Amino acid sequence: QLMREISGVKVLEHQVKEKLQLDKVIVVPGNSDKERRVKQELGKACVSYLKDVIKDHMTIAVTGGSTMSLVAESMTPLNKKDCLFVPSRGGLGEQVENQANTICAQMAKRAQGEYRLLYVPDPISEKAYQSIIEEPAVKEISNEIQNADIVLHGIGDAITMANRRKTPKSQLEKIKEADGAGEAFGYYFDKSGNIVHKVRTVGLQMEDLQKINQVIAVAGGTSKADAIESYFKQGQSNVLITDEAAAEKLLKG
Ligand code: F6P
């Protein structure tokens with residue numbers, strides 16, 4: 001039984017890698033929509049992949065979300081010199097436990113690395129935003145983020161994420177009308193990968209991902225298959241860690 005499961009996921013890994021044209025795909029058995037245990041497996045797989053690629057003096061930028069919080073839970077000491085964890089973007093409207101800052105600090109502690117946080121009011125007016133990005137302390141950490149060596153991020157269903165973040169009604173309508181399918185880094189994508197909405201905040205911008213060698217997406221569950229597909233139409237991530245259920249639906253679609 002176990003052997004059959006293993007060879008099954010290997011086939012899925014290969015097919016998803018071909019379909020999305022990625023450098024690496026890891027598929028864990030099961031469906032994270034149904035079992036928290038499977039989401040934990042995604043976390044463990046992410047930590048073990050991270051350990052394969054991390055080197056001394058690297059900076060790791062991380063996003064928020066429940067999947068990333070399970071990556072943090074699975075983290076163990078990296079045994080590397082001067083590894084710095086930073087949140088990938090400022091506040092995106094998430095609850096404290098799902099915020100990138102919280103997860104970043106937890107991950108760093110478990111990894112026995114350093115961390116720096118990003119304090120940006122959320123939500124923020126245009127005027128305050130324009131002045132806050134000029135603050136030396138904010139500029140400094142933004143620089144660290146934009147020069148990250150590794151990015152670990154979640155992907156979510158667009159409408160689920162807009163609701164979870166209590167997005168203002170006008171913006172929610174805009175995302176719905178544009179057929180928003182996926183979300184990552186505060187960017188909302190339609191099925192073809194066009195950006196239909198973007199949360200204004202500091203930190204990683206879509207174009208920054210191009211120069212980062214390891215951009216690792218961690219997302220699973222049948223409910224995220226369309227989101228994953230929409231994100232990868234234009235997303236610059238080169239690694240996907242997902243589960244069997246999402247992979248199967250992705251290949252059918
Ligand atoms: O808000 C941070 C974030 O990483 C989003 O970009 C992503 O859509 C979401 O969290 C994923 O959350 P979860 O892992 O809880 O589905």
Side-chain angles (χ1 to χ4, degrees), residues 28 31-47 60-74 85-107 117-118 120 122-123 145 148 150-167 171-172 175 180-190 193 195-206 208-209 215-237 239-243 245-246:
V28 305
N31 182 355
S32 19
D33 286 343
K34 295 204 171 132
E35 278 179 276
R36 187 181 139 92
R37 183 188 55 82
V38 178
K39 227 189 221 186
Q40 285 170 326
E41 291 302 323
L42 291 177
K44 285 186 198 160
C46 178
V47 169
I60 305 119
V62 300
T63 70
S66 64
T67 312
M68 278 300 132
S69 95
L70 291 174
V71 174
E73 258 184 33
S74 302
F85 289 79
V86 292
S88 59
R89 294 195 87 200
L92 294 174
E94 293 267 28
Q95 305 259 340
V96 163
E97 64 274 21
N98 274 334
Q99 279 171 17
N101 268 341
T102 313
I103 291 167
C104 168
Q106 281 173 348
M107 228 184 248
L117 302 180
L118 185 56
V120 192
D122 172 26
I145 296 170
I150 299 177
V151 177
L152 304 179
H153 72 95
I155 300 175
D157 170 71
I159 306 304
T160 307
M161 287 314 299
N163 285 325
R164 188 163 102 188
R165 290 173 175 155
K166 306 209 170 20
T167 304
Q171 291 174 21
L172 181 66
I175 297 168
E183 191 283 344
F185 303 104
Y187 290 79
Y188 291 80
F189 306 90
D190 67 11
I195 296 169
V196 297
H197 179 65
K198 176 188 172 190
V199 182
R200 179 191 47 217
T201 184
V202 291
L204 266 190
Q205 309 298 314
M206 236 18 211
D208 297 326
L209 297 176
V215 184
I216 305 163
V218 192
T222 320
S223 65
K224 285 193 185 178
D226 291 349
I228 296 169
E229 193 169 2
S230 76
Y231 169 73
F232 277 102
K233 285 268 159 66
Q234 100 134 304
Q236 307 281 345
S237 309
V239 179
L240 171 65
I241 301 178
T242 189
D243 63 22

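Quick caveat, the model's predicted, so the values are computed rather than measured. Whatever order the structure lists them in is the order used to number ligands and atoms, beginning at 1.
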inquiry  = Quick check: do Tyr187 and His197 have side-chain heavy atoms less than 4.5 Å from each other?
reply    = no

request  = Report the distance from atom CZ of Phe185 to atom OH of Tyr231, rounding to the nearest 0.5 Å.
outcome  = 4.5 Å

request  = Would you please write out the protein residues whose heavy atoms approach any atom of ligand 1 to under 4.0 angstrom, listed by chain and number?
outcome  = Thr63, Gly64, Gly65, Ser66, Thr67, Glu94, Gly154, Ile155, Gly156, Met161, Arg164, Arg165, Glu183, Ala184, Phe185, Lys224

query = Say you draw a straight line from CG of Asp33 to CG of Asp243; how long is it, rounded to the nearest 0.5 Å?
reply = 7.5 Å

task = Taking side chain to side chain donor-acceptor pair (under 3.5 Å) as the test, write out the residues that go with Thr242, two or more places apart.
result = none

remark   = By salt bridge (charged side-chain N to carboxylate O under 4.0 Å, His left out), Glu35 pairs with (sequence neighbours left out) Arg37

inquiry  = Can you list everything that forms a side chain to side chain donor-acceptor pair (under 3.5 Å) with Lys233? Sequence neighbours excluded, please.
reply    = none

